[in-house]
Amino acid sequence: MAAADRLRQLRALSARRPRIRGPRAGRPRTGGTRTARPRSAPPELSLAPRPHPWVRGPVMVAVVLLGAWLGLLVVGNVRSQVGPMDTTMTLRPSLTGGTKINVAPLGALELDSHTAPIRLDVDVDRLDPVRSQALVEHPERISGLQTEIAHDVEHSTLDLAARSCAAVVIGATALGLVVYRRPRRALAAGGLALVLLAASGATAYATWNPKSLLEPKFSGLLSSAPQVVGNARSIVTEFDVYQQELARLVTNVTKLYDATSTLPAYQPDPGTIRVLHVSDIHLNPASWQIIGSLVKQYKIDVIIDSGDTMDHGSAAENTFLDPVRDLGAPYVWVRGNHDSATTQKYLKHLRNVHVLDNGSAVTVGGLRIAGTGDPQFTPDRSVVPGGDAAERLAGIRLASAIRDQKEAGTPVDIAVAHEPQAARETDGTVPLVLAGHVHHRENQLLPLGTRLKVEGSTGGGGLRAVQNKHPEKVLASVLYLDRSTRHLQAWDEITLGGLGLTTAEVSRHLPDDNLPGAKPSRTPR
């Protein structure tokens, strides 16, 4: 009985001990501790064949393009305010690129602005009545409207670029998850979509065509717009022909005048300093060709512009000033009441231009010239004009600066101010002062001996003159000064027919003290 119990205990103990498996057959036993080798998982069985690499590539491209397009379609638009308009800006895939502006319900216009696989769509949703009414009530804000619109478009474009990047990544990644069901493939699709958008943006930037605004394509009710644009272009073309003919006319008249002059009392010698006085051009592009012709025919040494070269003083007008660099003579300029600080800053950086303000002086063409800009900028209606008091104060400061120049040993020969009221304050400090502003000529010997010469409008009142029943005439003067004494010897007044007219005349005038038999009068020095 005890033996049986003992046998049962041994069997139970044997069952609890771990079983030690020996080495596999055919393998030698090695010393040391044996580590268990993990069993490899059995290979998965798949009945579907793996796609060929040539198939996987196009599928990925299709996923990227379709996902990016869906992303742009759903979340890739920006609602923004551009000036007085509420707009929606969107990027769309395109084979040709460009910009499309939808003006519902009138139609659309397309601009060939760039060549890239993306197109910019701008939907003009509405014209905000509050902002539009503010422009009507405060027209002085129009001068800053271009800067405001440029800022709005820049801000909206940056916002659109950031949103579009997020849209294409989200769209391509989401579609990649649906198609591949693998996060790595889906993220690869999103990354490729972002690279594609960045490359398209770089291509659009490299092929940007700023002149596309000049050649828009119209559709819808706007398709009649080219007729209006055509009329405008024909007006510009005719005006270009007119200004060329006017310049040719003044050239021929001055030649004829030189050949048939019957005023032997004064014949300018080659050493005479010749000054061309112009004023109040008011954005008339014909003026540049007229001035260039006069510079050539009269062998002008220096051009003096007494202001109001612009109309509103806006930055958009600045490129109008570019021909000043190539007129063939130094250009001395003072600011008029239609010229802004922006205008003055632009002119300062042009070659061959000397800007005078606050009594500053420059020696050019053999003459010492001092001038000051108009203290008032009248297109800005948010500022109350200072009137004659402001002009007189500016003239007093100019006269004080001229006295300082004399004490420094650099006496001024000619002073320049835009407003005659300011110019009169220099009486007794300078022999000759030039002005403009009033659009007609004045010649006056002031009580203390200074001669005031006011020039009319060299721009014929500007392009606004077309609104008048009788267009203003184009006026300019050539002043002859003795090179040694800087004394005014004579002046020629050039008068041309206004816009649409083809008349011209030149008349020579002598100061009283330069007439035959006259005694020279004393002039301030």
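Heavy-atom contacts from other residues, nucleotides or ligands closer than 6.0 Å to CZ of R441 number more than 12. More than 12 non-hydrogen atoms from other residues, nucleotides or ligands lie less than 6.0 angstrom from CZ of R483.
R368 and T363 are linked by a side-chain donor-acceptor pair at a separation below 3.5 angstrom, with hydrogens and angles left out of the test. Remark: the S477 side chain and the E493 side chain contain no N/O donor-acceptor pair separated by less than 3.5 Å. Residues T426 and T429 have side chains that never bring a donor and an acceptor to within less than 3.5 angstrom of each other. Side chain to side chain, Q376 and E391 meet the donor-acceptor criterion of an N or O pair below 3.5 Å. No side-chain donor from either of R397 and N358 sits under 3.5 Å from a side-chain acceptor of the other. Of the N and O atoms on the side chains of T485 and D482, at least one donor lies less than 3.5 Å from an acceptor on the other residue. With no hydrogens or angles considered, no side-chain donor-acceptor pair links S279 and T458 at under 3.5 Å. No hydrogens or angles considered: a donor-acceptor pair under 3.5 Å links the side chains of T99 and S113.
Between E442 and R424 a salt bridge is recorded (basic side-chain N to carboxylate O distance below 4.0 Å). Ion pairing between a basic and an acidic side chain is recognised when a charged N comes within 4.0 Å of a carboxylate O; R119 and D121 show such pairing.
Taking the ring-ring contact (aromatic ring centres under 6.0 Å, His included) definition, one finds that F320 meets it with W288, sequence neighbours left out. The side-chain contact (heavy atoms from CB on, under 4.5 Å) search around T157 returns M89, V153, not counting sequence neighbours.
Using the six-membered ring where Trp is involved, H437 and H418 have ring planes that are perpendicular, over 60° apart on the 30 and 60° scheme.
A side-chain donor-acceptor contact under 3.5 Å links D339 to the backbone of D308. Judged by distance alone, the side chain of E317 and the main-chain N or O of S314 form a donor-acceptor pair under 3.5 Å.
Checking each of D357, D374, D305 against R335 for a salt bridge (charged side-chain N to carboxylate O under 4.0 Å, His left out) leaves exactly one that passes, namely D357.
Counting only residues at least two apart or on different chains, no salt bridge (Lys or Arg N to Asp or Glu O under 4.0 Å) pair has a member in residues 279-304.
Remark: L367 CG to I273 CD1 distance equals 4.0 Å, nearest 0.5 Å.
Note: H282 and H338 meet the aromatic proximity criterion, with ring centroids under 6.0 Å apart.
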